[in-house]
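As structure tokens, the structure follows; a few thoughts come after it.
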Amino acid sequence: KKLVSGFGKSRNGSDHAAEKASGDNTFWSLKDISFNVCKGEIIGIIGRNGAGKSTLLKIITGITEPSEGRIDIYGRIASLLEVGTGFHLELTGRENIYLNGAILGMRKSEIDRKFDDILEFSEVEQFIDTPVKYYSSGMRVRLGFSVAAHLEPEILLIDEVLAVGDAAFQKKCLGKLNNVATSEGRTVLFVSHDMTAILSLCQRAIMLEQGHLIAEGNTDDIVQKYLQSMSTTYETPLAQRQDRSGDGSVLITSLKVENIEAGKPIQPGSRIKIEFDYVSDKPIKYPRLILKIRDFRTRTNLIRLDNEISGEFPETLPPRGKIICTTQELFLTPGRCLIDVELKRGMVTVDRVEYAGQFDIETDDFYGTGKLPSREQAAYLMNYDWESEIQEEN
């Protein structure tokens, strides 16, 4: 078992919740946290940005010292918290594998036995004798995860870093994590914003909010509580975005996405409203608007909304205004979606912003069975019936 209790304060950090202590300017990133993790469990840790998730893992690994409280750990820990964590950038991939093994207390002969498996899983054989500082972020994630999973730690901590890898490698990592816990009896603490991965991988989950543990229990129940706490409106300011293209005569200033039934989450079968504000130096003649809805993890196109195809759009837009697109039911599987937006004047692109906004399709019991395919298995849902025919034997 592992007991984590009552910690800790910090004045800065990337995933820090803040609770102002009375009488001074101290902010607590975590406060009064206590939970147990049993051997062989896969525990999901969820919460909004700033809830304290990454700080929690850093304290467990010893990267950050708690201001008060204690952590009781029984077993060797390996972690993958940030791209390149645990790597010496001047050393080669091969040297880093042996360095990480030594840190875990493994003998060289033990690491030798695991070396080929690590190399095969990481898919970086060609660059294994290249200094890690020349690796891309994706290559570092591949090698880092492979090292952490194969060097036999009793406890494995994984942060959102897996989102850096491509979809195929993410799938392989999730399969390995499941095998590590179920077949090898090791413990996994898994931080992710991907609720599909949390639901498929974790038997139990804890939810953090503003540095406090506010819920703990069955994964389905905790994920549902988390989703219900999320905002049902996704609004993104765009006026200051520099990574845009077009002739600059029109500026898209904001993008908002919400369920057409105000206040309700977006779920499979919801109708959504996408609206954006724009400003222009003159009226926009023959406007053409293209919205692309893409999968967050794979970046593949799911839906294209194009007024040139659908028609029913004015020939001229005023210099300043709002454009609203309302969809029919979107039977998309749960997961995060991105939106690209492009506005044209005739054939000329006047403003184009990739990843202009995002929204989540939340989990829903669409079929009434408590089960849904993951986004990796299918992008769309539909109702269907099964029947069988019995043929009589002659």
Side-chain angles (χ1 to χ4, degrees), residues 1-2 4 37-43 54 57-65 71-162 164-166 168-191 201:
K1 288 186 179 180
K2 183 193 309 171
V4 184
V37 181
C38 296
K39 180 179 179 180
E41 279 191 303
I42 304 182
I43 303 297
S54 295
L57 293 194
K58 287 177 181 177
I59 288 175
I60 294 173
T61 58
I63 294 173
T64 300
E65 284 288 326
I71 310 160
D72 295 335
I73 299 171
Y74 305 94
R76 297 183 301 193
I77 288 184
S79 61
L80 192 59
L81 306 185
E82 295 174 357
V83 177
T85 297
F87 284 158
H88 190 298
L89 298 183
E90 298 296 330
L91 299 181
T92 66
R94 184 186 302 274
E95 291 166 336
N96 270 289
I97 291 174
Y98 282 93
L99 175 63
N100 275 264
I103 291 171
L104 284 172
M106 298 179 69
R107 292 187 293 271
K108 182 177 181 298
S109 58
E110 294 179 274
I111 304 171
D112 288 339
R113 288 198 301 270
K114 293 289 183 180
F115 188 85
D116 289 343
D117 292 337
I118 292 171
L119 204 56
E120 181 181 358
F121 191 94
S122 69
E123 303 173 9
V124 298
E125 297 96 327
Q126 185 178 352
F127 307 99
I128 195 62
D129 292 309
T130 301
V132 168
K133 66 181 179 181
Y134 297 116
Y135 285 18
S136 68
S137 60
M139 291 168 64
R140 291 183 194 177
V141 166
R142 288 173 181 273
L143 185 59
F145 180 88
S146 188
V147 167
H150 285 86
L151 289 184
E152 298 186 345
E154 284 88 359
I155 303 163
L156 183 58
L157 310 183
I158 303 292
D159 205 342
E160 194 73 55
V161 68
L162 290 185
V164 176
D166 59 70
F169 188 72
Q170 290 171 21
K171 185 176 182 180
K172 187 163 74 167
C173 289
L174 294 175
K176 180 63 178 176
L177 286 177
N178 190 55
N179 184 63
V180 158
T182 56
S183 301
E184 302 174 28
R186 286 184 268 167
T187 303
V188 180
L189 271 67
F190 183 53
V191 167
L201 190 65

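Nothing fancy with the numbering, it's 1 onward along the sequence. Basis for what follows: all heavy atoms, side chains included, without hydrogens, waters or symmetry-related copies.
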Check: G40 main-chain N/O paired with T187 side-chain donor or acceptor under 3.5 Å = yes
Side chain to side chain contact (heavy atoms under 4.5 Å, CB included) assessment of V132 paired with H88 = CA-CA 7 Å; V132 168; H88 190 298; over 6 Å; no
request  = Provide the closest heavy-atom pair for V37 versus L189 in the form atom of the first, atom of the second, distance.
outcome  = CG1-CD1, 4.1 Å
inquiry  = Taking the side chain as everything from C-beta on, heavy atoms only, tell me whether I60 gets closer than 4.5 Å to I73.
reply    = yes
message = Using a 3.5 Å distance criterion without hydrogens, assess whether the side chain of R94 forms a donor-acceptor pair with backbone atoms of T130.
response = no
query = Got F115 and D117 here, is their nearest side-chain heavy-atom distance under 4.5 Å?
reply = no
ask   = Between K39 and Y74, does a side chain to side chain contact (heavy atoms under 4.5 Å, CB included) hold up when you go through it step by step?
value = CA-CA 9 Å; K39 180 179 179 180; Y74 305 94; over 6 Å; no
query = Any idea which heavy atoms bring L91 and N96 closest together, and the distance?
reply = O-ND2, 3.3 Å
task = Would you mind reporting whether Y134 and M139 have side-chain heavy atoms less than 4.5 Å apart?
result = no
key: Validation row: I43, F190 side chains within 4.5 angstrom (heavy atoms)   = no
query = Does atom CD of E110 have more than 12 heavy-atom neighbours from other groups under 6.0 Å away?
reply = yes
task = Just do the side chain to side chain contact (heavy atoms under 4.5 Å, CB included) check on I128 and T92 with the steps written out, would you?
result = CA-CA 6 Å; I128 195 62; T92 66; over 6 Å; no
ask   = So how far is it from E65 CD to K58 NZ, rounded to the nearest 0.5 Å?
value = 14.0 Å
key: R142 backbone acceptor or donor facing S146 side chain under 3.5 Å   = no
remark   = Minimal heavy-atom distance between E125 and L119, with the atoms involved, is CG-CG, 3.5 Å
task = State, yes or no, whether a side-chain contact exists between L156 and I158 at a heavy-atom distance under 4.5 Å.
result = yes
request  = Working to the nearest 0.5 Å, report the span between CD of E95 and CD of E90.
outcome  = 10.5 Å
Any side-chain heavy-atom pair of V147 and F121 under 4.5 Å = no
ask   = Do any N or O atoms from the side chain of Y135 and from the backbone of L143 form a donor-acceptor pair under 3.5 angstrom?
value = no
note = Separation between CD1 (I118) and NE2 (H150), nearest 0.5 Å, reads 7.0 Å
key: Non-hydrogen side-chain atoms of I111 and I97 separated by less than 4.5 Å   = yes
